[in-house]
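Each remark here refers to the structure printed beneath this line.
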Amino acid sequence: MNWIVFAIAAYLAYALQQGLGHFWRIGDHEPLLPLILLVFIALQGSASTVAWAAILLGLLVDIETQGVTDLVGPWALGFLAAGYTLLQLRNLLFKDSVFTIAIMSLVSGVFAVLVPTILYAMRGIGFLTGEGIADFSAAQQLFDGFLMLVYTTALSIPVGWLLLKSKEAWGFGPRARGMR
Amino acid sequence: MLTSRKALVAVVGLLVVTSLLPIRYAKWVGVLPTMLARNLSVPVSDPVSWASHKIRPTSSGPVEDLSAEQWALQKQDYDRLNRELWAINKDLRETLAALEAITININPKDVRPVEAGVVNFNNDRNNPVMLINQGTRVGIAGDDPVVFRTNLLGFVEREPGLLNCNIQLVSRPGFNLAVILQPLGAPPGEGVVEDRARAHASGQYFYVDRSLGHGVEPGHIVWSNDDRYPNAKGFLLGRVTEIAKHPDRPLDTERIIIRPDVPIGLQGRVMVITQRED
């Protein structure tokens, strides 16, 4: 993968996520652009590329949202789990279909949301930090995450289409059958 | 040199650690990358944000439609409200300072507080008794006061057991105690009224009967000052909530109603003030 193209795409995803927050917010929910980008990369790139891209995109979400706390890491780990899920499933999928991107945004997004929720909830355990987050509800976090994923899935159709159109520029190498 | 796999494992380990860091340290980790990313994204995010606000403007509330005169009037209202809140805040601070100044009139060197758990509470209106899980083995003696924070709950029975004992609660009908009634926040010794408070038959409140012109008002605090229980001196019995006419002598006497600050008997843990032996 061409990392310069990745950097530009990640930058745009981050900046648009920041700039469009007011425009596309429905209630308290916004779509997660970096997740769509991760799904696209995970369907095309090599395993190590996917892992690093997932961590970097997750870190962008961590510093962009700063939702529940100021923590850096939960979303990065969540994106890593989402990337791993995609790597396991991608051989069964049509990687050049925009609908694959849409459906996998929902499926992998569940893991991307689940991991930070678990990490936030774990903070309340005494022998770890014993520093629970005030007013944190795991159920509410998961429900909000699910609504966000539904929104992201809807947005992933036009964004996925654009990404697939730009596929040549990304410089993904050929992927042999069965290769992860 | 690190291989990609080893580096990945190291980064994941680091992320797990930063995810579970205490918030005060985690903030330091996130400050620099957040600031960097936000500043770098400004050339794109700002115009996009401006455009998105143009396309979907913020709903204008009535405040934006105010005329200059209306705005000035509203500002006056807010200023007045601000002054009122400031005064309330000042009163509350003074009250808090006064509450902190209520010293328990016992020498801490003479007493030893013993924490105890409440095992049972019979909730009997005629003889409310609380059973606690400490006894003479830890130095508890008969008539030792039992308190919750600064509130007096009762006294240890005359012959406490070795490992547990009953507490006769102050709310039992007929119980009486020499008390001091004083305005909340008054300096020590000022506005003091000494009398004897009695528990009402309902067990819900205490009362003091006094002739007209006694000077006691709702809000006065009432604290123990009974020589029979020297270790209980200074602990709160409650505060005056109502001044009523005396049921039998309404023309010349008033009944001062005192209610406790905490529900007596419903505590899970209490403190027994015992006499230091050494």
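Being a predicted model, the structure only gives us computed values, none of them experimental. So that the names make sense, note that chain A is the first sequence line, chain B the second, and so on, each numbered from 1.
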Open item on the list: According to salt bridge (Lys or Arg N to Asp or Glu O under 4.0 Å), who are the partners of B:Arg269, at least two apart in sequence or on a separate chain?
Closed with: B:Glu115
- [ ] Take B:Thr18 and A:Leu71 through the test side chain to side chain contact (heavy atoms under 4.5 Å, CB included) and record every step on the way to the result.
- [x] CA-CA 7 Å; B:Thr18 55; A:Leu71 295 170; over 6 Å; no
- [ ] Mark yes when over 12 heavy atoms from residues, nucleotides or ligands other than A:Leu92 sit less than 6.0 Å from its CG; otherwise mark no.
- [x] yes
Open item on the list: More than 12 heavy atoms of other residues, nucleotides or ligands under 6.0 Å from CD of A:Glu168: yes or no?
Closed with: no
Open item on the list: Would you say NZ of B:Lys75 has more than 12 non-hydrogen atoms from neighbouring residues, nucleotides or ligands within 6.0 angstrom?
Closed with: no
Open item on the list: Quick one, A:Leu119 and B:Ser19 - any side-chain contact, counting heavy atoms below 4.5 Å?
Closed with: yes
Open item on the list: With a 4.5 angstrom heavy-atom cut-off, is it the side chain or the backbone of B:Val16 that approaches chain A, or both, or neither?
Closed with: both
- [ ] Please flag which part of A:Trp24 lies under 4.5 Å from any non-hydrogen atom of chain B: side chain, backbone, both or neither.
- [x] backbone
Task: Any B:Leu36 side-chain heavy atom under 4.5 Å of A:Ile63 side chain - done: no
Open item on the list: Donor-acceptor pair, distance only, cut-off 3.5 Å: does the side chain of B:Ser49 make one with the backbone of A:Leu20?
Closed with: no
- [ ] Could you pull out all residues at least two apart from B:Asp46 that satisfy salt bridge (Lys or Arg N to Asp or Glu O under 4.0 Å)?
- [x] none
- [ ] Would you give the length of the straight line joining atom CD of A:Gln17 to atom OG of B:Ser41, rounded to the nearest 0.5 angstrom?
- [x] 11.0 Å
- [ ] Go through the steps for A:Leu59 and B:Leu15 under the test side chain to side chain contact (heavy atoms under 4.5 Å, CB included), then give the verdict.
- [x] CA-CA 9 Å; A:Leu59 281 174; B:Leu15 288 173; 3.9 Å; yes
- [ ] Taking the side chain as every heavy atom from C-beta outward, state whether B:Val44 and A:Tyr14 have any pair of such atoms under 4.5 Å apart.
- [x] no
Task: Shortest non-hydrogen separation from B:Arg38 to A:Glu64 and the atoms involved - done: NH2-O, 3.5 Å
Open item on the list: Counting only heavy atoms from other residues, nucleotides and ligands, does the tally under 6.0 Å from OH of A:Tyr151 exceed 12?
Closed with: yes
- [ ] Under the side chain to side chain contact (heavy atoms under 4.5 Å, CB included) rule, what do B:Val48 and A:Phe23 come out as? Steps first, then yes or no, please.
- [x] CA-CA 9 Å; B:Val48 172; A:Phe23 174 68; over 6 Å; no
Open item on the list: Please check if the number of heavy atoms outside A:Trp3 that lie under 6.0 Å from its CH2 is greater than 12.
Closed with: yes
Open item on the list: I'd like to know whether CZ of B:Arg259 has more than 12 heavy-atom contacts from other residues, nucleotides or ligands below 6.0 angstrom.
Closed with: yes
Task: Under 3.5 Å: donor-acceptor pair, side chain of A:Tyr11, backbone of B:Leu40 - done: yes
TODO: Identify which part of A:Leu80 has an atom lying under 4.5 Å from any heavy atom of chain B, answering side chain, backbone, both or neither.
DONE: side chain
